[in-house]
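Just so it is clear, the values below take in all heavy atoms, side chains as well, and ignore hydrogens, waters and symmetry mates. In what follows, chains are A, B, ... by sequence order, proteins preceding strands, each numbered from 1.
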There are 2 protein chains.
Amino acid sequence: MSVKGLTKEKIITQAIEIIENTGQSAVSLHELARTLGVKTPSLYNHIKNTKELQYEIFKCAIDKFVINQRKATEGKTKDEAVQAFAEAYHAFATQNKGLYRLIMSIPSEQDEMAKEMAIPLLHTVVEILSDYGLTEESIAHWQRVFRAILHGFISEEDLGYFYYYKYIDLAKSRQIAVKCFLDGLHAEIGE
Amino acid sequence: MSVKGLTKEKIITQAIEIIENTGQSAVSLHELARTLGVKTPSLYNHIKNTKELQYEIFKCAIDKFVINQRKATEGKTKDEAVQAFAEAYHAFATQNKGLYRLIMSIPSEQDEMAKEMAIPLLHTVVEILSDYGLTEESIAHWQRVFRAILHGFISEEDLGYFYYYKYIDLAKSRQIAVKCFLDGLHAEIGE
DNA sequence: TTGACAAACTAACACTATTAGTTTTATACT
DNA sequence: AGTATAAAACTAATAGTGTTAGTTTGTCAA
């Protein structure tokens with residue numbers, strides 16, 4: 001009966017689709033198997049366990065994210081690039097909620113594997129900061145500041161912690177944050 | 001045999017202790033019951049479900065957090081208060097990892113209840129920004145920026161995303177971020 | 001045609017939370 | 001003191017996770 005021809009790729013693709021649709025950072029193997037027309041344990045013929053599946057999806061998510069960011073900033077430099085990066089970052093996180101959540105839930109301090117995989121993401125930030133002629137150390141610091149702002153915003157927004165003043169424009173808050181960051185950066189390089 | 005005398009308070013206290021010890025944002029009812037010397041279903045005589053338990057712990061966590069922040073900033077104003085707030089925030093998050101994670105995982109956009117409970121936390125930030133004589137709208141924006149930075153830092157750090165340049169001092173990155181924020185704030189009020 | 005391997009399956013286990021129904025224990029009243 | 005009642009413990013069971021072992025099925029190559 002097996003017209004199935006299940007593969008690792010099909011599983012990953014399906015998992016990503018479900019994650020995208022639900023906005024959750026994970027799928028249950030049951031749901032995954034069900035939508036693939038197969039019984040749950042059959043998945044184990046193609047994947048080792050949920051951890052491995054997570055890794056695979058994580059890899060795809062990082063890829064998508066990196067592509068998204070590069071596309072948004074290509075041809076741009078300095079402030080223009082930073083601004084475009086910030087906007088694209090927010091757009092990705094809100095339009096790919098499940099994948100973004102996955103990216104921001106997987107790695108943990110002990111997981112060297114995941115940290116390795118996340119490096120390209122980090123590079124996208126470092127790259128656009130390279131235009132400013134900062135020292136290696138300064139780049140390290142400001143890259144952290146930038147990413148903290150970007151993720152902090154998404155995260156707080158997502159958690160509903162920006163709800164209280166909800167009639168106050170969120171996009172403007174983000175712009176203020178990015179401007180604040182750029183001003184700080186300009187001050188660092190002595191404008 | 002019941003020398004137990006289990007109460008809701010004891011359950012919550014125990015749950016918090018486990019959360020503090022493990023650094024996880026949740027406890028299983030099994031583990032909770034085990035350490036209380038009772039069978040799992042017995043917990044249901046005192047709590048409705050895990051959701052309710054989460055709420056209760058959440059409430060305590062917010063309380064602890066708010067107390068921590070007030071203590072750190074009392075008697076201080078403006079930049080001094082902001083700086084102390086930032087330091088205390090980071091200290092709380094790293095020393096109470098489980099509780100901080102809980103605070104930053106519970107509320108979701110749809111959960112009005114949780115958002116209500118989190119308001120005191122928000123107030124601590126708004127209060128220290130009130131010293132600057134900003135408009136209501138500016139406070140709303142800058143409070144968001146500040147919290148995004150603070151949480152963004154903790155979160156990225158916790159996820160291991162600040163690992164790449166790990167030989168570069170994290171505390172200094174945080175100081176740069178806070179200074180960046182303060183400079184932005186000063187620019188806003190025309191210094 | 002048959003032998004081998006991949007990929008599906010069934011059955012089972014361990015771990016979650018949760019509910020129903022039962023027994024125990026302590027308290028409160030006659 | 002003896003008994004009724006209610007609170008709080010229990011046991012047993014269910015449904016949902018992930019996972020493993022062992023079995024069947026189907027395909028492809030010798």
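The existence of a salt bridge linking B:E56 and B:K48 is excluded, since no basic side-chain nitrogen approaches an acidic carboxylate oxygen closer than 4.0 Å. Using a 4.0 Å cut-off between charged side-chain N and carboxylate O, B:K59 and B:D63 make no salt bridge.
The nearest whole Å value for the distance from the CG atom in B:L32 to the C1' atom in D:dA9 is 15 Å. Regarding B:I11, its CD1 atom lies at a distance of 11 Å from the C1' atom of D:dA8, rounded to whole Å. Distance NZ (A:K10) to P (C:dA7): 11 Å, rounded to an integer number of Å. A straight line from CD of A:Q54 to C1' of D:dG18 spans 12 Å, rounded to a whole angstrom. Rounded to whole Å, the distance from NE2 on B:H30 to C1' on C:dA17 is 13 Å. We find that CZ of A:R34 is positioned 14 Å from P of D:dG18, with the value rounded to whole Å. Distance CD1 (A:I47) to P (C:dA6): 18 Å, rounded to an integer number of Å. At whole-Å resolution of the value, CG in B:L36 and C1' in D:dC10 are 16 Å apart.
In terms of phosphate contacts, A:S42 brings no side-chain nitrogen or oxygen within less than 4.0 Å of OP1 or OP2 of C:dA7. Note on A:S28: a side-chain N or O is less than 4.0 Å away from OP1 or OP2 of D:dT17. OP1 or OP2 of D:dA9 sits under 4.0 Å from a side-chain N or O of B:H46. Close to C:dT10, at under 4.0 Å from its OP1 or OP2, lies a side-chain N or O of A:K39.
No hydrogens or angles considered: a donor-acceptor pair under 3.5 Å links the side chains of B:H151 and B:Y100. A donor-acceptor pair shorter than 3.5 Å can be found between the side chains of A:E112 and B:Y163.
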Give me the distances for all protein-to-nucleotides 19-22 of chain D N/O pairs that come in under 3.5 Å?
unit_1 : atom_1 : unit_2 : atom_2 : d
D:dT19 : OP1    : A:T50  : OG1    : 3.3
D:dT19 : OP2    : A:Y44  : OH     : 2.7
D:dT19 : OP2    : A:T50  : N      : 2.9
D:dT19 : OP2    : A:T50  : OG1    : 3.2
D:dT19 : O5'    : A:Y44  : OH     : 2.9

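Atom CD of B:E116 has 12 or fewer heavy atoms from other residues, nucleotides or ligands within 6.0 Å.
Using cut-offs of 30° and 60° for the angle between ring planes, the A:F85 and A:F146 rings count as tilted.
Side-chain contact between B:F153 and B:H90: absent, with no pair of heavy atoms (C-beta onward) separated by less than 4.5 Å.
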